[in-house]
Amino acid sequence: MDRLAVTHQAVKQLLESGEVEGVLALRASGPSTILHLYRKGDDLSDLALWPKYNAPKIMDLLQRSAPDARLGMVVRGCEERGLIELAKHNQVALDHLRLIGVACTAEERDACRCAWPYPTQIDAGERVEGIADALVAEHDKLSLEERGEFWKQHFARCIKCYACRTVCPQCFCEVCMLEDSLWVHTGTMTPPFPTYHLIRAYHTVAKCVGCMECEAACPADIPLPVLYALLRRDAEEMFGYVPGRSVDELPPLVVETLPQGG
Amino acid sequence: MEYRNVLTTCAYCGCGCGLYLEVLDGKVVGTLPAKNHPISEGKLCVKGWNSHAYIHHPDRLTTPQIRDRRGGALREASWDEALDLVARRLSEIKATSGPDAIGFMTSAKCTNEENYLLQKWARAVIGTNNVDHCARL
């Protein structure tokens, strides 16, 4: 059976088992797919796997609305890691969730330049190994001055649509610093260099799992995941921390601020 | 719990970006861009991303309001009463001051067909070329 058929079967079984109220998965709709909460008895023929969306953010929304609901979710690697990070920040409850793991295809991996294109448990699809992000490698070759110029040129195209913030599963603050006129003026374009993008970048540290949704949503094609990947690499080198790897690993911003031995 | 997405077209300007309105238990709670959409290719501007915001907004007017005298307060009215008033006053103004005393504002939020109808009505029925558009405000 192909990956979609296996996923279809797993969703059907989970719904029929009565263990969950619904399963969050992608559904073919118009030109795209879109997230949908399938419920028992629903027609599953339009279940789909690609293009992916910011599924962890939608699970956050569903659990906020119904904190006690038991739900299922079809997850790929980045989505599972996104959920794990959200759980560490008390945004989603993993023990209320039943996950159906899907491995990404080589084409999907390449589209996302993904280093980790599979979840912990693969229920559907074949595991393909991750690749290094070629854009990060190119960026590494630049001098300090060239890097500054690189980002300045990219950020100059920003239309301040806030899509990177709005689409991001890891952006869940009730009050967003980027809407504070102290940092980002209203009524002017482009956002002040570099506050908007650097505030956002710092806020992704030890949270961003590299799901690429910000890049997909950016109307100016700014390679934001490259910036966040650099910070992710720093956090790993300095603190041994990899976002989304394990629910038991505490984020360095918590650990480093605890009293010694705490 | 019910969560579904409804494919639609952004109502904020004439570009025609594709988006989904997120419906949670019968209420529109968010917007997601339509990936692979021929116009917007999964991107939206800040207005598009907020397409859902006015639907259930408490400030949204859901019934016509009439101000009976200049400086007076607005009161809620039925559509029949409001349309009767508009028709009567437009006829009066046209009769006393001529058709060019009247102007029409139309909107990118409407369909092409609705905008066509409004300019046709302004020019052929009222008799004025005073037609403008929210994008120039």
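Throughout, a chain's letter reflects where its sequence line sits, starting with A, and its residues are numbered from 1. All of these numbers come straight from a predicted model, not from anything done at the bench.
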Min side-chain heavy-atom separation A:S32-B:L7 under 4.5 Å: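 No, too far: nothing below the 4.5 Å cut-off.
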
Within-4.5 Å side-chain heavy-atom neighbours: A:D221 and B:K43: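 Contact flag for A:D221/B:K43 side chains = yes.
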
Region of A:E213 that comes under 4.5 Å of a non-hydrogen atom in chain B: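 For A:E213, side-chain heavy atoms alone lie under 4.5 Å from chain B.
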
Contact class of A:Y53 relative to chain B, heavy atoms under 4.5 angstrom: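 For A:Y53, the contact with chain B is made by backbone and side chain together.
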
Between [options], which has the largest tally of heavy atom pairs under 4.5 Å with chain B?
options	result
A:G22, A:A69, A:S29	A:S29
A:I159, A:I58, A:L24	A:I58
A:C218, A:C161, A:A217, A:A66	A:C161
A:G30, A:A216, A:S65	A:A216

Under 3.5 Å: donor-acceptor pair, side chain of B:N5, backbone of A:I34: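 No, the answer is negative, given that no donor and acceptor are paired below the 3.5 Å cut-off.
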
Heavy-atom donor-acceptor pair, B:K35 side chain to A:T33 backbone, under 3.5 Å: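 No, because the side chain of B:K35 does not come within donor-acceptor range (under 3.5 Å) of the backbone of A:T33.
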
B:Y116 atom OH: more than 12 heavy-atom contacts under 6.0 Å: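 Open: at most 12 neighbouring heavy atoms sit under 6.0 Å from OH of B:Y116.
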
A:K160 atom NZ, over 12 foreign heavy atoms within 6.0 Å: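 Yes.
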
Contact winner vs chain A - B:M1, B:E2, B:H37, heavy-atom pairs under 4.5 Å: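 When all of B:M1, B:E2, B:H37 are compared, B:M1 has the most.
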
Nearest heavy-atom neighbours spanning B:Y3 and A:L61: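 Looking at all heavy atoms of both residues, the closest pair is CE1-CD2, 4.0 Å.
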
Nearest-0.5 Å distance, CG of residue B:L44 to OG1 of residue A:T166: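 Here the rounded value is 10.0 Å.
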
Distance, nearest 0.5 Å, that separates CZ of B:R4 from CZ of A:R39: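 Taking CZ in B:R4 and CZ in A:R39, the distance rounds to 9.5 Å.
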
Residues 19-32 of chain B: residues contacting chain A (heavy atom under 4.5 Å, by number):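 Near chain A, by residue number: B:Y20, B:E22, B:L24, B:D25, B:V29, B:L32.
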
